[in-house]
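Taking it in order: structure first as structure tokens, then the write-up.
All values below were derived from every heavy atom in this structure, side-chain atoms included, with hydrogens, water molecules and symmetry-related copies excluded.
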Amino acid sequence: MDTLNGVSIGVIVALVPGALLNNIMKTLLPHFEFAQTLLNFTAISAVLLPVVSALCVGLIGKLAPIQSASMVLATAISAGNIKMTPNGLIIAGSGDVINVGLTILISYILILILGNHLKSYTILLLPSIILLIGGGIGQLTLKPVGQITRLIGDFITQVTHLQPLLMGVLLGISFALIIISPVSSVGIASAVGLQGIASGSANLGIVAASYALAVYGFKVNSLGASLAHIIGSPKIQMANILKKPKVMLPIAINSGVLGGLGALLNINGTPMSAGFGLSGLIGPIAALEKGSPIIILIVIFIIIPFVMALISHYVFILKWHFMDIQDFTLNYD
């Protein structure tokens with residue numbers, strides 16, 4: 001869980017600056033020379049994803065500085081975005097997110113096994129042990145893991161082209177489930193390279209879940225907490241949903257419908273936008289840049305999910321008593 005949560009935070013911290021700023025800076029580039037410097041900043045930020053992820057896991061796991069730093073080293077050499085060539089090092093991209101998580105997990109386990117056994121020799125031996133074993137295993141898994149993730153991404157893309165409506169429904173439901181789980185929707189979408197209609201449908205599944213959860217609990221939560229589901233993340237309901245998994249049924253229905261509509265309306269996205277929902281307007285902006293008319297985006301990102309949430313609230317809570325509004329109370333104590 002520490003690894004999943006840390007990698008999730010690392011992905012968001014490293015990639016969100018680029019998602020929010022890159023398109024704006026590219027537009028300003030012909031008129032604003034400093035925009036290129038800002039683009040360089042976001043590129044460096046993306047390159048540091050493996051390092052930031054490992055550091056976040058170390059902080060969450062309350063590891064000692066030397067343990068966290070050792071895990072950072074192993075992750076950096078096995079992420080795949082640093083390559084040795086005859087002309088020196090080439091550093092580009094964010095690396096393979098799944099292999100990053102796998103390397104962190106292996107290194108973390110090694111650190112826990114070693115514990116205090118190295119005693120006063122920890123500072124001398126631990127970095128080398130974690131670098132050689134954790135990083136070495138990560139190097140060995142990099143190619144097969146990369147091939148598997150590419151195959152998954154290609155398969156989703158191909159099936160989406162063949163059956164866009166069906167895949168739109170399935171991806172909408174899948175990412176609604178992912179967003180309220182401990183797993184990072186951004187990390188999954190980035191790892192498999194989700195793009196095009198598949199990305200748009202996944203993003204809309206999260207949007208539908210966000211509105212549904214906000215509406216279901218609006219009488220028991222503050223206005224700010226309700227809005228946080230939409231402009232932040234519906235993951236804040238994770239504990240409540242794990243207590244009563246049946247409440248995911250109406251959410252899955254809404255997400256499947258909206259994901260299917262997104263496929264029918266040709267709502268596109270990028271691997272980065274797929275896992276965000278409405279947060280930061282990253283999803284709608286990506287769809288707008290892919291050619292969707294703004295009026296269509298307003299309807300499908302705002303009006304339809306809100307109306308579906310109201311209908312779902314009436315049917316499942318007021319009419320059928322399938323669930324109770326108290327099921328969605330957020331407790332910050």
Honestly curious: do [X] and [Y] fall in one hydrophobic cluster under the side-chain, below-4.5 Å linking rule?
X    : Y    : result
L112 : L73  : no
V315 : I325 : yes
I133 : Y121 : yes
I311 : V169 : yes
F301 : L213 : yes

Separation of [Y] [atom2] from [X] [atom1] (nearest 0.5 Å):
X    : Y    : atom1 : atom2 : result
L132 : L110 : CG    : CG    : 11.0 Å
N81  : S78  : CG    : OG    : 9.5 Å
Q67  : I111 : CD    : CD1   : 5.5 Å
I241 : I180 : CD1   : CD1   : 4.5 Å
H229 : I179 : NE2   : CD1   : 11.5 Å
L142 : I77  : CG    : CD1   : 10.5 Å

Might you point out which heavy atoms bring [X] and [Y] nearest each other, and give the distance in Å?
X    : Y    : answer
I300 : P305 : O-CD, 3.2 Å
S70  : P127 : OG-CA, 3.3 Å
H321 : I317 : ND1-O, 3.3 Å
N254 : S312 : ND2-CB, 3.6 Å
A287 : I267 : CB-CG2, 3.9 Å
Q237 : F328 : NE2-O, 3.0 Å

Measure from the side-chain N and O atoms of [X] to the backbone N and O of [Y], and report whether any donor-acceptor pair falls under 3.5 Å.
X    : Y    : result
S226 : S222 : yes
N221 : F218 : no
S199 : T270 : yes
K62  : L59  : no
S279 : F276 : no
S107 : M71  : no
N99  : G138 : yes
N116 : K119 : no
N203 : G283 : no

So with a 6.0 Å cut-off around [atom1] of [X], is the heavy-atom count from everything else above 12?
X    : atom1 : result
I294 : CD1   : no
Q147 : CD    : yes
L124 : CG    : yes

Can you check whether [X] reaches [Y] side chain to side chain, under 4.5 Å on heavy atoms?
X    : Y    : answer
F34  : L28  : no
M308 : Y211 : no
L166 : L170 : yes
Q139 : T103 : no
L261 : L204 : no
I173 : I251 : no
I304 : L258 : yes
I104 : D2   : no

Practice problem: Could you please spell out the steps behind the side chain to side chain contact (heavy atoms under 4.5 Å, CB included) verdict for L265 and V299? | Solution: CA-CA 11 Å; L265 294 173; V299 170; over 6 Å; no

Quiz item: Can you name the one residue among V192, I98, I188 that meets side-chain contact (heavy atoms from CB on, under 4.5 Å) with I152?
Solution: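 Only one of V192, I98, I188 forms a side-chain contact (heavy atoms from CB on, under 4.5 Å) with I152, namely V192.
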
For residues 40-50, run the donor-acceptor check on the side chains, cut-off 3.5 Å, and write out each pair with its distance to 0.1 Å, sequence neighbours left out.
| unit_1 | atom_1 | unit_2 | atom_2 | d |
| --- | --- | --- | --- | --- |
| N40 | OD1 | Q36 | NE2 | 3.1 |
| N40 | ND2 | Q36 | O | 3.3 |
| T42 | OG1 | N22 | OD1 | 2.6 |
| T42 | OG1 | L39 | O | 2.9 |
| S45 | OG | A14 | O | 2.7 |

Quiz prompt | Nonpolar side-chain network containing I113, other nodes, edges under 4.5 Å | solution = L105, I109

Quiz prompt | Derivation of the side chain to side chain contact (heavy atoms under 4.5 Å, CB included) call for T75 and V51 | solution = CA-CA 7 Å; T75 306; V51 171; over 6 Å; no

Exercise. For side chain to side chain contact (heavy atoms under 4.5 Å, CB included), just list the numbers for T3 and L102, CA-CA rounded to whole Å, side-chain angles, deciding distance to a tenth of an Å, and then say yes or no.
Key: CA-CA 9 Å; T3 300; L102 182 61; over 6 Å; no

Quiz item: Relative to the ring of F322, is the ring of F316 parallel (under 30°), tilted (30 to 60°) or perpendicular (over 60°)?
Solution: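 Perpendicular.
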
